[in-house]
Visitor: 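I have a structure I would like to understand better, so I am pasting it below and will then ask my questions one at a time.
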Protein chains: 2
Amino acid sequence: MQNQSLQNIIRKNEENNGFIIVNQKEFLEKILFQYYKSKTFASFRRSLNSYGFQVYQLQNGQKLFINKNIISINQNIHKRNLNPPFQNYYQLIESEHQILLLQLTQIKKNQQLMEQNIKRVLSLQEEITRKMKLTMIQYIQGLLDGFIKGKKAEQFVLQFCFSIKNKQFSNIFETIRKIYEGQFQKSLIITRYQLLSII
Amino acid sequence: MQNQSLQNIIRKNEENNGFIIVNQKEFLEKILFQYYKSKTFASFRRSLNSYGFQVYQLQNGQKLFINKNIISINQNIHKRNLNPPFQNYYQLIESEHQILLLQLTQIKKNQQLMEQNIKRVLSLQEEITRKMKLTMIQYIQGLLDGFIKGKKAEQFVLQFCFSIKNKQFSNIFETIRKIYEGQFQKSLIITRYQLLSII
DNA sequence: GGTTCTAGAACC
DNA sequence: GGTTCTAGAACC
């Protein structure tokens with residue numbers, strides 16, 4: 001390219017980051033044939049392309065090769081890092097996709113198991129609530145039958161009822177509150193039937 | 001291709017599903033230039049390629065174009081369906097990826113909600129357990145203080161304890177079982193302290 | 001549907 | 001790292 005006699009075949013562009021092939025026919029015969037093994041322009045172009053050169057057709061039919069990544073055509077130009085083969089990339093994406101899908105499936109299964117467990121816990125809690133109600137009924141029955149007696153026993157029933165703190169029982173609490181307003185026996189019978197009705 | 005005078009430039013192959021360019025230079029000058037707009041062999045090859053032709057180099061340097069999808073070179077040959085552009089495919093994968101990510105995000109949210117619910121259930125259950133223990137202590141205290149009396153009351157304690165069905169209480173059940181083996185007052189005191197120690 | 005540049009893939 | 005075929009993409 002330094003050779004002045006070749007200036008009408010090939011010469012640098014003004015930006016000094018490429019070159020113009022002035023006479024492609026002569027270039028093929030006199031330069032490509034002598035300096036490269038390549039016989040075809042396509043092969044020459046593929047090589048330049050793999051070093052980062054782009055080809056532009058000038059209006060006079062001449063071809064301009066420019067490498068936008070270099071500052072000077074005289075510097076060492078390295079072959080561009082090729083993209084990983086498409087198939088590999090595709091398989092990578094595909095396998096990532098598969099991993100995501102597997103994870104999703106696993107998570108969905110886990111969620112189903114968790115929901116089942118929550119349902120079990122809820123039904124257990126319902127069972128416990130039911131049994132506590134039964135216990136309360138039995139206790140009230142004990143008061144009615146007279147084998148549980150005295151002011152302390154009444155206080156205990158009240159405490160017991162409030163300790164359960166269940167919205168479902170609020171009307172029963174209200175009834176039991178009346179125990180301290182004198183209607184002890186009557187209130188107990190009402191409470192017992194209320195409890196039986198909501199079990 | 002029917003023209004006999006062109007047989008030394010281009011001719012059909014024996015299988016009749018392609019053709020051989022015998023003299024590429026003459027082919028370019030005499031045929032490509034006259035019948036096609038194309039000036040370059042590359043363009044001609046690209047066109048043939050998009051119709052399904054593959055190129056083979058013969059040992060004598062001649063080029064053999066074969067279309068393995070056709071039976072005869074004389075039939076109508078249709079342009080191959082192009083693959084959907086890579087970018088479209090990439091975007092498809094990307095959007096599927098986005099859908100997966102959205103699903104993951106949704107599932108994570110669901111799991112957080114579920115965990116919150118489980119924590120709520122657990123704390124409720126702890127509360128219930130604590131209150132049941134307190135109730136049991138009060139009941140036992142009642143037995144000790146004498147305001148709860150008789151065989152029925154004892155039976156009730158046992159029933160109450162078993163109705164709770166909690167592994168944590170199993171040693172307490174065992175203690176209470178002893179109530180029916182004569183050591184009534186002593187067992188009740190032990191049970192009360194056991195209950196207090198695990199609250 | 002042809003043209004051209006570009007880059008992947010396989011081969012050497 | 002060059003060579004060659006192939007096909008994507010953009011443009012006409």
Side-chain angles (χ1 to χ4, degrees), chain A residues 13 17-21 24-25 27-28 31-70 75-94, chain B residues 13 17-21 24-25 27-28 31-70 75-94:
Chain A
N13 66 340
N17 64 350
F19 56 89
I20 297 161
I21 295 170
Q24 190 170 319
K25 202 173 179 183
F27 169 76
L28 282 167
I31 298 178
L32 208 61
F33 186 72
Q34 283 185 36
Y35 297 91
Y36 293 86
K37 300 155 214 154
S38 180
K39 298 135 281 173
T40 67
F41 190 74
S43 178
F44 175 71
R45 179 161 67 182
R46 181 71 191 95
S47 275
L48 270 292
N49 167 247
S50 70
Y51 279 89
F53 282 86
Q54 287 180 296
V55 182
Y56 297 89
Q57 292 257 29
L58 300 181
Q59 281 170 330
N60 54 15
Q62 296 172 355
K63 282 196 167 68
L64 169 64
F65 285 74
I66 288 177
N67 188 331
K68 287 177 176 169
N69 301 313
I70 64 170
Q75 77 184 60
N76 272 336
I77 302 162
H78 300 289
K79 200 161 187 171
R80 282 192 303 174
N81 291 327
L82 291 173
N83 291 332
F86 169 61
Q87 277 220 336
N88 289 10
Y89 183 71
Y90 170 73
Q91 281 166 7
L92 192 75
I93 297 270
E94 279 276 288
Chain B
N13 67 339
N17 64 351
F19 56 89
I20 297 161
I21 294 170
Q24 191 169 320
K25 202 172 178 182
F27 169 76
L28 281 167
I31 298 178
L32 210 60
F33 186 73
Q34 284 187 35
Y35 297 91
Y36 293 85
K37 300 153 215 156
S38 180
K39 298 134 280 174
T40 66
F41 189 75
S43 179
F44 175 71
R45 179 161 65 183
R46 181 71 191 95
S47 276
L48 269 292
N49 168 248
S50 69
Y51 279 90
F53 282 87
Q54 286 180 297
V55 182
Y56 298 89
Q57 293 258 28
L58 300 181
Q59 281 170 332
N60 55 16
Q62 295 174 354
K63 282 197 168 67
L64 168 64
F65 285 73
I66 288 177
N67 188 331
K68 287 177 177 169
N69 302 313
I70 64 169
Q75 76 183 64
N76 270 338
I77 303 164
H78 300 291
K79 202 163 187 171
R80 281 193 304 174
N81 290 326
L82 292 173
N83 291 332
F86 170 61
Q87 277 217 338
N88 289 11
Y89 184 71
Y90 174 71
Q91 281 167 7
L92 191 74
I93 297 271
E94 278 277 286

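Worth knowing before you read on, the calculation uses all heavy atoms, side chains too, and leaves out hydrogens, waters and symmetry mates. The shown structure was predicted, so the numbers you read here are calculated from the model rather than taken from an experiment. Lettering of chains follows the sequences in order, A, B, ..., and the numbering in each one begins at 1.
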Visitor: Can you measure A:Lys63 atom NZ to C:dT4 atom C1' for me and round it to whole angstrom units?
Guide: 9 Å

Visitor: For B:Tyr51, enumerate each residue passing the side-chain hydrogen bond (donor to acceptor under 3.5 Å, both in side chains) test, keeping only those at least two apart in sequence or located in another chain.
Guide: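 If we apply the side-chain hydrogen bond (donor to acceptor under 3.5 Å, both in side chains) test to B:Tyr51, skipping adjacent residues, there are no hits.
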
Visitor: For A:Leu64 and A:Ile20, work out which heavy atoms get closest and say how close.
Guide: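 Scanning both residues completely, I find the closest heavy atoms to be CD1-CG1, 3.4 Å.
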
Visitor: Looking only at heavy atoms, what is the nearest atom pair of B:Gln62 and B:Ile21, with distance?
Guide: CB-O, 3.5 Å

Visitor: Can you see if the side chain of A:Ser50 gets near the phosphate of C:dA7 - specifically, an N or O under 4.0 Å from OP1 or OP2?
Guide: no

Visitor: Between P on D:dG1 and CG on A:Asn76, what's the gap in Å once rounded to a whole number?
Guide: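 My rounded result for the distance is 11 Å.
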
Visitor: Looking at A:Arg46 and D:dG1, is any side-chain donor or acceptor paired with a base atom of the opposite kind under 3.5 Å?
Guide: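 When only heavy-atom distances are counted, A:Arg46 does not reach the base of D:dG1 through any donor-acceptor pair under 3.5 Å.
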
Visitor: So how far is it from A:Phe53 CZ to A:Ile77 CD1, rounded to the nearest 0.5 Å?
Guide: 4.0 Å

Visitor: Suppose we screen for ring-ring contact (aromatic ring centres under 6.0 Å, His included). Which residues come up paired with A:Phe65, at least two apart in sequence or across chains?
Guide: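 For A:Phe65 the ring-ring contact (aromatic ring centres under 6.0 Å, His included) partners, ignoring immediate neighbours, are A:Phe19, A:Phe44.
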
Visitor: C:dT6, C:dT3, D:dG2: which one has an atom nearest the side-chain heavy atoms of A:Ser47?
Guide: D:dG2

Visitor: Could you state the atom-to-atom distance from CG of A:Leu48 to C1' of D:dG1 in whole Å?
Guide: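 In whole Å, D:dG1 C1' lies 13 Å from A:Leu48 CG.
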
Visitor: Whether A:Gln54 contacts C:dC5 is assessed here as follows: a side-chain N or O lying under 4.0 Å from the phosphate OP1 or OP2. Is that the case?
Guide: no

Visitor: Side chain of A:Val55, heavy atoms from C-beta onward: which of D:dT4, C:dT6, C:dT4 has the nearest atom to it?
Guide: C:dT6

Visitor: For the side chain of A:Gln57, counting heavy atoms from C-beta on, which of C:dC5, C:dT6, D:dC5 is nearest?
Guide: C:dC5

Visitor: What is the separation between atom CG on A:Asn49 and atom P on C:dA9, rounded to the nearest whole Å?
Guide: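 After rounding, the reported distance stands at 14 Å.
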
Visitor: Can you give me the bend angle of the helix from C:dG1-D:dC12 to C:dC12-D:dG1? Use the axis through the first five pairs and the one through the last five, nearest 10 degrees.
Guide: 10°

Visitor: Roughly how many Å is it from CZ in A:Phe44 to P in C:dT6, rounded to a whole number?
Guide: 13 Å

Visitor: Across the strands shown, which category fits B:Phe65 at heavy-atom distances under 4.0 angstrom: base, sugar-phosphate, nothing?
Guide: nothing

Visitor: Looking at A:Arg45, I'd like to know whether one of its side-chain N or O atoms comes within less than 4.0 Å of OP1 or OP2 on C:dT6.
Guide: no

Visitor: Could you check A:Asn13 against A:Tyr56 for side chain to side chain contact (heavy atoms under 4.5 Å, CB included), going step by step and ending with a plain yes or no?
Guide: CA-CA 12 Å; A:Asn13 66 340; A:Tyr56 297 89; over 6 Å; no

Visitor: Measuring from A:Ser43:OG to A:Leu48:CG, what's the distance to the nearest 0.5 Å?
Guide: 10.0 Å

Visitor: What is the separation between atom CZ on A:Phe53 and atom P on C:dT4, rounded to the nearest whole Å?
Guide: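 Atom-to-atom, A:Phe53 to C:dT4, this comes out as 22 Å.
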
Visitor: When the distance from CZ of A:Phe41 to P of C:dT4 is rounded to whole Å, what number comes out?
Guide: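 Atom CZ in A:Phe41 sits about 12 Å away from atom P in C:dT4.
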
Visitor: A:Tyr51 OH to C:dT6 P: how many Å, rounded?
Guide: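 Atom-to-atom, A:Tyr51 to C:dT6, this comes out as 17 Å.
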
